[in-house]
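Notes follow once the structure below has been shown.
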2 protein chains.
Amino acid sequence: MSLRYALMALLRVGPLSGYDLQKQFQVSVGHLWHAPDSQIYPELRKMESEGLVVGEDQPRGERGTRRVYHLTDEGDQAYAAWMEGPLSYARAREPANLKAAYLESASPEAARAFLADHIRHWRGELEQWEAELERIDARANPMLQRRLAATHPRDHDRTVAFKRFGYEGLVDRARAEIAWAERGLALVDDLYGPEDTVAGHA
Amino acid sequence: MSLRYALMALLRVGPLSGYDLQKQFQVSVGHLWHAPDSQIYPELRKMESEGLVVGEDQPRGERGTRRVYHLTDEGDQAYAAWMEGPLSYARAREPANLKAAYLESASPEAARAFLADHIRHWRGELEQWEAELERIDARANPMLQRRLAATHPRDHDRTVAFKRFGYEGLVDRARAEIAWAERGLALVDDLYGPEDTVAGHA
DNA sequence: ACGCCCATGTAAGCGGTTACATGATTGT
DNA sequence: ACAATCATGTAACCGCTTACATGGGCGT
């Protein structure tokens, strides 16, 4: 239910073609709310049918066209309503914690592999988000630049500060997941004895 | 895709009727993986059709029946395969962080309300999970008691330790969310000036 | 007799995933 | 000429949500 608001957040700074929107999405708001292009195109059509955006077919070369989407007043109001209203929270559904709670039924090797993989996954996410934080601080993200160019300089610090704040939450999350899984590895050592090192084959 | 493994984790300690399973689910593994009863009954039927469980209709009173589910060998193996294999991770899709990153387009009041609500939500979750941690430490959860009764005393510490570990991750998460949102409230004060207190109407 | 709990679902719809499908344009 | 990338989708399926639906059993 949040995809459309993520899309509108981008369209609010100016019209974009479906393709450009999708590309910008992947390197900006897509870090916060993932969506593949195969979901974005249909969602735009659906939003158009609901009057939130209008699509304008523009010629491209001889035969090609590209569809440029503009946010409508109605879309702007829907976005504002989402921003002003409460968020609904989904109940917990955490596969990693679920599995962790029953690790006594896994082999020690599988338990270690699971935890190592958890660390690997969240380290990867952490890198992405930290890199994005740096781009935000440097005001280097193209979408952010467009956004700042479209707003009064007086509001720039606010815009940057909130963007930073949103990503900081993800960074905190990733760090917490990594720390948790590291404690898990120590716990496995405690319960089963330290791992035979890979080098210990001889 | 994890629901069936959550159900099998319970059925592994012994057969349960759909109803009992659903009830036990809500007060144990349901904290880690939420599912309403309207999802559990059909999932059990589906698992039966795949041979993971068998359902046995037992008479109840004169006309009533209850369907008692047993884990099959095939189900046990599927559970083991899940435990031994890797978990697949979903890409980030965090409505709260998404909204946070665009809070400059909300009124200060809405921003504060959002953050306060975030804190309220996660405090509620935190309470649940901390209460569950206490029940784990006291070995007071009925499902945990059944589980321990069905396993060798030598393995009890492990079982309890991993269950604790799983919930600790959720507790960490909740604390991180609360700390983040509190920083957010401070940030809003910084950016817009401190809130007029409710008492400040005079 | 009544109400609460036991007991088990169905149906419609939504958001998302995965895989597939097609063709035009631009730069080398 | 060819490749990369621009550009836009469709179709099938899956897990989950929400609301609705029904009836028996048991304790007071």
Side-chain angles (χ1 to χ4, degrees), chain A residues 1-8 15-27 29-30 32-50 52-53 55-69 82 87-95 98, chain B residues 1-8 15-27 29-30 32-50 52-53 55-69 82 87-95 98:
Chain A
M1 202 60 280
S2 294
L3 173 58
R4 57 180 50 196
Y5 302 107
L7 293 171
M8 284 193 272
L16 281 170
S17 72
Y19 183 79
D20 287 340
L21 178 51
Q22 177 258 113
K23 284 290 163 197
Q24 290 306 312
F25 188 96
Q26 306 304 336
V27 297
V29 66
L32 301 158
W33 189 271
H34 168 77
D37 52 348
S38 69
Q39 197 186 354
I40 291 174
Y41 287 115
E43 183 67 21
L44 285 168
R45 289 285 181 174
K46 204 177 160 206
M47 287 163 74
E48 185 169 22
S49 80
E50 295 175 36
L52 303 175
V53 298
E56 173 199 358
D57 275 321
Q58 284 185 356
R60 172 172 173 269
E62 280 304 303
R63 261 170 306 279
T65 60
R66 40 187 244 135
R67 197 162 176 79
V68 174
Y69 288 96
W82 180 70
L87 214 56
S88 64
Y89 287 84
R91 299 289 309 278
R93 202 171 270 133
E94 301 291 342
L98 171 62
Chain B
M1 201 59 280
S2 294
L3 174 57
R4 55 181 52 198
Y5 302 106
L7 293 171
M8 286 193 270
L16 281 170
S17 72
Y19 184 79
D20 287 340
L21 177 51
Q22 177 257 115
K23 283 291 162 192
Q24 290 305 313
F25 187 96
Q26 305 303 336
V27 296
V29 66
L32 301 158
W33 189 270
H34 167 77
D37 51 350
S38 71
Q39 197 186 355
I40 290 174
Y41 287 116
E43 182 67 20
L44 284 168
R45 289 286 183 175
K46 204 178 161 205
M47 289 163 74
E48 186 170 19
S49 81
E50 295 175 36
L52 303 175
V53 297
E56 173 199 358
D57 275 323
Q58 283 186 355
R60 173 173 172 271
E62 279 304 304
R63 262 171 305 280
T65 60
R66 38 187 247 138
R67 196 163 178 79
V68 175
Y69 288 95
W82 181 70
L87 214 57
S88 65
Y89 287 85
R91 299 289 310 279
R93 203 171 269 132
E94 301 291 343
L98 170 63

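No hydrogens, no waters, no symmetry mates; every other heavy atom, side chains included, goes into these values. To find a chain, count down the sequence lines: A is the first, B the second, and so on, and within it residues start at 1.
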Residue closer to the 5' end of DNA chain D, B:Trp33 versus A:Tyr41 (nearest nucleotide):
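Between the two, 5'-proximity favours A:Tyr41.
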For A:Gly61 and for A:Arg4, find the nucleotide of DNA chain C with the closest heavy atom, then tell me which residue's nucleotide is more 5'.
A:Arg4
5'-most by nearest nucleotide on DNA chain C - A:Ala35 or A:Gly64
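The answer here is A:Ala35.
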Expressed in angstrom and rounded to an integer, what is the separation of [X] atom [atom1] from [N] atom [atom2]?
{"X": "A:Leu3", "N": "C:dG16", "atom1": "CG", "atom2": "C1'", "result": "10 Å"}
{"X": "A:Glu48", "N": "D:dT8", "atom1": "CD", "atom2": "P", "result": "12 Å"}
{"X": "B:Leu16", "N": "C:dA7", "atom1": "CG", "atom2": "P", "result": "11 Å"}

So, is [X] near the phosphate of [N], with a side-chain N or O under 4.0 Å from OP1 or OP2?
{"X": "B:Arg67", "N": "C:dT8", "answer": "no"}
{"X": "A:Gln39", "N": "C:dT17", "answer": "yes"}
{"X": "B:Lys46", "N": "D:dG15", "answer": "yes"}
{"X": "A:Arg66", "N": "D:dA7", "answer": "yes"}
{"X": "B:Tyr19", "N": "C:dC6", "answer": "yes"}
{"X": "B:Arg63", "N": "D:dG23", "answer": "no"}
{"X": "A:Arg60", "N": "C:dA24", "answer": "no"}

Any side-chain heavy-atom pair of B:Arg67 and B:Asp57 under 4.5 Å:
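They are in contact (side-chain heavy atoms under 4.5 Å apart), so the answer is yes.
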Name the nucleic acid region contacted by B:Glu62, choosing base, sugar-phosphate or nothing; use a 4.0 angstrom heavy-atom cut-off, strictly under.
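Sugar-phosphate contact only.
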Tell whether A:Ser38 reaches the base of C:dT18 with its side chain through a donor-acceptor pair below 3.5 angstrom.
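Between C:dT18 and A:Ser38, which were checked side chain against base, a qualifying N/O pair under 3.5 Å is present.
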Among D:dT8, C:dG9, D:dG15, which nucleotide sits nearest the side chain of B:Met1?
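Selected nucleotide: D:dG15.
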